[in-house]
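First up is the structure itself, then whatever we jot down about it.
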2 protein chains.
Amino acid sequence: MALRYALLGVLSTREMSGYDIKRYFDRAVHFVWNASDSQTYRELRGMERDGLITSRLVHQEAKPNKRLYRMTDAGRAELDAWLISPLETPYRKDPFLLRLFFMARVSPVAAQQILEARHEELRALIAVGEERLETYGDLSKSSRPERLWWQVRLINGMRRMHMAEDEWICELLSELRSSPEEPIDGLLEDGAAI
Amino acid sequence: MALRYALLGVLSTREMSGYDIKRYFDRAVHFVWNASDSQTYRELRGMERDGLITSRLVHQEAKPNKRLYRMTDAGRAELDAWLISPLETPYRKDPFLLRLFFMARVSPVAAQQILEARHEELRALIAVGEERLETYGDLSKSSRPERLWWQVRLINGMRRMHMAEDEWICELLSELRSSPEEPIDGLLEDGAAI
DNA sequence: CGAGACATGTAACCTGTTACATGATTCC
DNA sequence: GGAATCATGTAACAGGTTACATGTCTCG
């Protein structure tokens with residue numbers, strides 16, 4: 001259902017086409033949620049069926065026709081109810097962490113390479129976040145300072161989480177580098193205790 | 001495909017039934033991946049079809065019959081190839097962060113409640129992690145110290161990430177509490193810049 | 001002349017969730 | 001007597017991915 005709320009949230013600003021929403025997503029929402037084109041279009045139809053949005057067809061010359069979606073009062077109510085609803089279980093499925101769980105199977109050198117790749121990835125994510133924050137700085141000069149209050153804090157929070165992960169990865173790397181000969185054990189046979 | 005590798009990883013220690021695997025998952029793998037019973041059994045069948053595991057039926061008195069799965073050489077090769085394969089895109093779908101993205105729609109008081117709930121959740125996760133680390137401490141006294149090398153570091157890493165998130169949440173809370181009257185803006189209409 | 005913006009979809013498939021079914025044994 | 005453990009599944013549905021189809025205009 002989260003996609004539905006993401007779409008409602010974007011549509012809360014103004015009437016948009018599926019294509020507009022997609023662009024908005026790519027620019028702004030991408031780092032907390034995303035969806036393929038086909039899933040977005042499918043979901044929009046479903047939301048219209050359920051009365052959360054309405055649509056009208058707009059004919060265009062020189063461009064393909066488009067369908068503009070607008071949120072209904074029911075949609076607005078649904079979004080606002082979700083925003084203050086109890087948190088769903090915060091259960092992460094992280095393929096990277098899953099990999100580390102079984103890393104004892106590969107050589108320390110191979111493990112190092114995986115960690116280094118993740119380190120580079122995190123560096124890149126952090127850099128992107130910092131760029132975004134700078135752009136925001138410019139924005140708040142020309143406009144009201146409290147524009148995008150939550151968005152700015154969100155990017156900042158993610159930056160901090162990425163930095164925490166990166167520090168951890170770097171420590172793991174130096175542990176691996178300093179003791180390349182130590183034996184490293186895998187799993188307990190009964191999965192006991194951990 | 002990640003579930004498949006998680007199952008292969010667990011089966012790399014010994015022959016197990018679907019039920020054993022489930023127990024192992026709940027105890028040990030749960031915090032980086034999980035799956036429902038029915039998905040697990042379905043996936044095991046698929047893995048057998050694809051030659052990654054073999055199974056044999058074991059008849060039991062007083063207990064239901066069971067099917068024991070064992071990894072094949074092909075399965076072992078598949079797992080090891082995955083462990084050193086390039087990282088997939090690390091793209092998070094986080095319903096909590098998605099919520100925050102649209103939080104400007106609700107009152108600061110309601111937002112505070114959401115953040116407090118998350119704070120409690122994180123506190124609980126951190127406590128669980130610390131418990132696990134203690135259990136590990138006991139374990140390494142009785143056994144070889146390098147038992148579960150990766151598992152321990154993994155739990156420690158997650159603890160640190162949770163703590164980073166919690167610090168951020170707490171700062172947000174104090175920002176909200178200290179300026180309850182400030183106007184907070186929502187989204188830009190064109191999703192510009194952020 | 002080719003790439004990219006504009007614009008919406010279908011079909012097939014894979015992944016994940018929920019509800020249900022079955023039935024003996026053991027422990028409180 | 002009721003709950004938990006052991007043990008494996010089916011059926012239906014929801015959520016998500018990938019590949020493909022279509023066609024014009026604009027810009028470099």
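Side chains are part of it too, since the values below use all heavy atoms of this structure and drop only hydrogens, waters and symmetry mates.
Using a 4.0 Å cut-off between charged side-chain N and carboxylate O, B:E165 and B:R118 make a salt bridge. Between A:E78 and A:R4 there is no salt bridge, since no side-chain nitrogen of the basic residue lies less than 4.0 Å from a carboxylate oxygen of the acidic one.
Residue order along DNA chain C, read from the 5' end via each residue's closest nucleotide, puts A:K66 first among A:S38 and A:K66. Nearest-nucleotide mapping onto DNA chain C: of B:P64 and A:D37, the residue sitting toward the 5' end is A:D37. Mapping B:Y41 and B:K93 onto DNA chain D by nearest heavy atom places B:Y41 at the nucleotide closer to the 5' end. Position along DNA chain D of the nearest nucleotide to B:R67 versus A:S36 favours B:R67 as the more 5'-ward residue.
Regarding B:Q39, its CD atom lies at a distance of 5 Å from the C1' atom of C:dG16, rounded to whole Å. For the pair B:N65 CG and C:dG23 P, the computed distance is 14 Å after rounding to whole Å. Atom CZ in B:R49 sits about 9 Å away from atom P in C:dC14, given to the nearest Å. Going from atom CG of A:L3 over to atom C1' of C:dT17 covers 17 Å, rounded to whole Å. Taking atom CG of A:D20 as the reference point, atom C1' of C:dA7 lies 10 Å away to the nearest angstrom. Rounded to whole Å, the distance from CZ on B:R4 to C1' on C:dT15 is 12 Å. Here the P atom of nucleotide C:dT8 and the CG atom of A:L44 are 9 Å apart, to the nearest Å. Here C:dG16 presents its P atom at 16 Å from CZ of A:R92, a figure rounded to the nearest Å.
In this model, the phosphate group of C:dA7 is approached by a side-chain N or O of A:Q60 to a distance below 4.0 Å at OP1 or OP2.
For the 3.5 Å distance criterion, the side chains of B:S17 and B:D20 qualify, holding a donor opposite an acceptor. A donor atom on one side chain and an acceptor atom on the other are not found under 3.5 Å apart for B:N156 and B:R153.
Put simply, B:L125 and B:M163 are part of two different groups of oily side chains (I, L, V, M, F, W, Y) that touch within less than 4.5 Å, one to the next. The cluster map of Ile, Leu, Val, Met, Phe, Trp and Tyr, joined by side-chain heavy atoms under 4.5 Å apart, puts A:L8 and A:L68 in different clusters. The hydrophobic clustering, which links ILVMFWY residues whose side-chain heavy atoms are closer than 4.5 Å, places B:L176 and B:V106 together. Following chains of ILVMFWY side-chain contacts shorter than 4.5 Å, one cannot reach A:I126 starting from A:M158, and the two form parts of different hydrophobic clusters.
When distances run from any side-chain atom of A:R42 to the nucleotides C:dC6, C:dA12, C:dT17, the shortest one goes to C:dA12.
Interface limits on DNA chain D: the 5'-most and 3'-most nucleotides within less than 4.0 Å of chain A heavy atoms are D:dG15 to D:dC25.
We find the CG-CZ distance between B:L154 and A:R99 to be 13.0 Å, quoted to the nearest 0.5 Å.
For the helix from C:dC1-D:dG28 to C:dC28-D:dG1, the axis fitted to the five pairs at one end and the axis fitted to the five pairs at the other end meet at an angle of 40° (nearest 10 degrees).
The residue A:R45 sits close only to the backbone: its heavy atoms come under 4.0 Å of sugar-phosphate atoms, none of a base.
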Side chain to side chain contact (heavy atoms under 4.5 Å, CB included) assessment of A:Q151 paired with B:F101: CA-CA 6 Å; A:Q151 281 71 34; B:F101 195 93; 3.7 Å; yes

